[in-house]
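Whatever order the structure lists ligands and atoms in, that order sets their numbers, starting from 1.
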Amino acid sequence: MSEFRAFSAPGKALLAGGYLVLDPKYDALVVGLSARMHALAYPHHSLEELDKFEVRVKSRQFKDGEWSYQVSPESGFIPVSVSGSKNPFIEKVIANVFNYFKPNMDDYCSRNLFIIDIFSDDAYHSQEDSVTKHYGSRNLSFHSHRIEDVPKTGLGSSAGLVTVLTTALASFFVPDLTNNVDEYRKVIHNLSQVAHCQAQGKIGSGFDVAAAAYGSIRYRRFPPELISDLPDIGNVIYADKLTHLVDEVDWNITIESNRLPSGLALWMGDIKSGSETVKLVQKVKKWYDSHLPESLEVYTELDHANSRFMDELSKLDRLYNSHDCYSGQIFEAIEKNDSSCQKYSEITDVRDAVATIRRCFRKITKESGADIEPPVQTTLLNDCQTLEGVLTCLIPGAGGYDAIAVIATQDADLKTQTADDKRFSNVQWLDVCQADWGVRKEKEPETYFEK
Ligand SMILES: Nc1ncnc2c1ncn2[C@@H]1O[C@H](COP(=O)(O)OP(=O)(O)O)[C@@H](O)[C@H]1O
Ligand SMILES: C[C@@](O)(CCOP(=O)(O)OP(=O)(O)O)CC(=O)O
């Protein structure tokens, strides 16, 4: 494989199943977004030194965005930084991809240097202190700060990075991957989950990596022990254990394609303040353990409402695709968002399910001190619900002060409706929509070349 190859993986929005998804008992709904992380893999190059491999990753939209690592089979492919600067996500991808493919030095002596460029779409990061440049055939934001100092919008940049980088790096070892990403999707997913958990230093639910690999899905997590039981990277048995885990072990995971209904569009509103997911999760866990059995009852109610929400959305999708007169009336009612909506159980059932989800989150907010749906967000969501074309709206993911997610008809223009409205002055509508495909090959790598 000597040509340039390009891949991309989507960002995510968790619309149902926040907190519950940490437990393998519960399902979640994750939507893949049009904001994507891209990787351009260069043709093979060679280093002067023949006894090691080098991987150079460049993310030129960020200050000092270049990381080089060397690995060798003798040291168990533990990445050693050459450039001095470190990026844990890149480091763990390298460690795992090399341990999985176990390339032999002799086979690669004239092609032991792997160069990959990363590009990220604008919606992942705040645009403050950035300039837009035409690069290749895209407009990209270039930031004046290092990646770790640029505020994020919460679309899952590290999961996208890990997944697309795993794909690009693997394409050096399996030449047919580039044209058969589908065939390798499970391997890419499993390797990416391992690398992402190791880089984060914790084992989250993995819904963000699953969405980067598979797009919009109904998701149920893997048991965390699968990853915590792995030996340390560099251990003589690491490569074998990893390969066994990736290829042979049943992850007991649910990943089913599940998109938002056709005829409806997702809007993500970024709020100019943030919340820390880790702290929220800690508070919720503490509340859960100290409020049993009532907390389990709340989770059970949430889970039922999440399932109803997902099922009702699927029903609306089938209805839209039937293109019959009744379906036309329903979508027209949502478009107007007036009292006519009350006539259709297809609309009220979705709204009731979301009302229950929100009520449960407000209860947890009050009892745990974790601001999942704090009062300002309640007010904002209630205001959003009155806009023309809005079916429903909620706080995505862990909630907090970060963002809101709105499901509206395709023609609804929330930007115009909220432009001069003080109630929405803190909301910045992100330029994203649902794009339900996971990691994939991009057709024209040359569109990423600097002209
Ligand atoms: N475009 C990029 N280039 C290089 N590294 C990136 C890029 N995007 C994200 N990362 C890595 O991911 C980290 C952010 O991860 P994290 O805090 O988990 O945020 P998120 O919630 O967006 O995934 C960054 O500090 C950086 O190490
Ligand atoms: C609480 C959670 O279930 C969902 C968090 O969803 P977000 O979309 O808020 O996640 P981050 O981007 O990592 O902040 C934790 C988890 O599932 O890992």
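- Considering both main-chain and side-chain atoms, His196 never comes within under 3.5 Å of ligand 1 through any nitrogen or oxygen pair.
- Of the N or O atoms in Ser205, one or more lie within a sub-3.5 Å distance of an N or O in ligand 2.
- Taking distance alone, with nitrogen or oxygen atoms compared against 3.5 Å, Ala398 approaches ligand 2 more closely than that limit.
- Only the side chain of Val281 comes within 4.0 Å of ligand 2, counting heavy atoms alone; its backbone N, CA, C and O stay farther away.
- Scanning the protein for heavy atoms near atom 9 (C) of ligand 1, the closest one is Ser157 OG, 3.4 Å.
- At a 4.0 Å heavy-atom cut-off, ligand 1 touches Ser59 through the side chain alone.
- Heavy-atom proximity to atom 16 (P) of ligand 1, evaluated over Met37, Lys152, His143, Glu148, is greatest for Lys152.
- Ligand 1 has no nitrogen or oxygen under 3.5 angstrom from a nitrogen or oxygen of His125.
- Of all protein heavy atoms, the one lying nearest to atom 3 (O) of ligand 2 is Tyr19 N, 2.9 Å.
- Heavy-atom distances between Gly156 and ligand 1 reach below 4.0 Å in at least one pair.
- With a 4.0 Å cut-off on non-hydrogen atoms, Tyr124 does not touch ligand 1 at all.
- For Gln61, no heavy-atom contact with ligand 1 is shorter than 4.0 Å.
- Atom 14 (O) of ligand 2 has its closest protein heavy atom at Thr277 OG1, 2.4 Å.
- Ligand 1 lies less than 4.0 angstrom from a heavy atom belonging to Trp67.
- Relative ring orientation between Phe119 and Tyr135 is described as tilted, the plane-to-plane angle lying within the 30° to 60° band.
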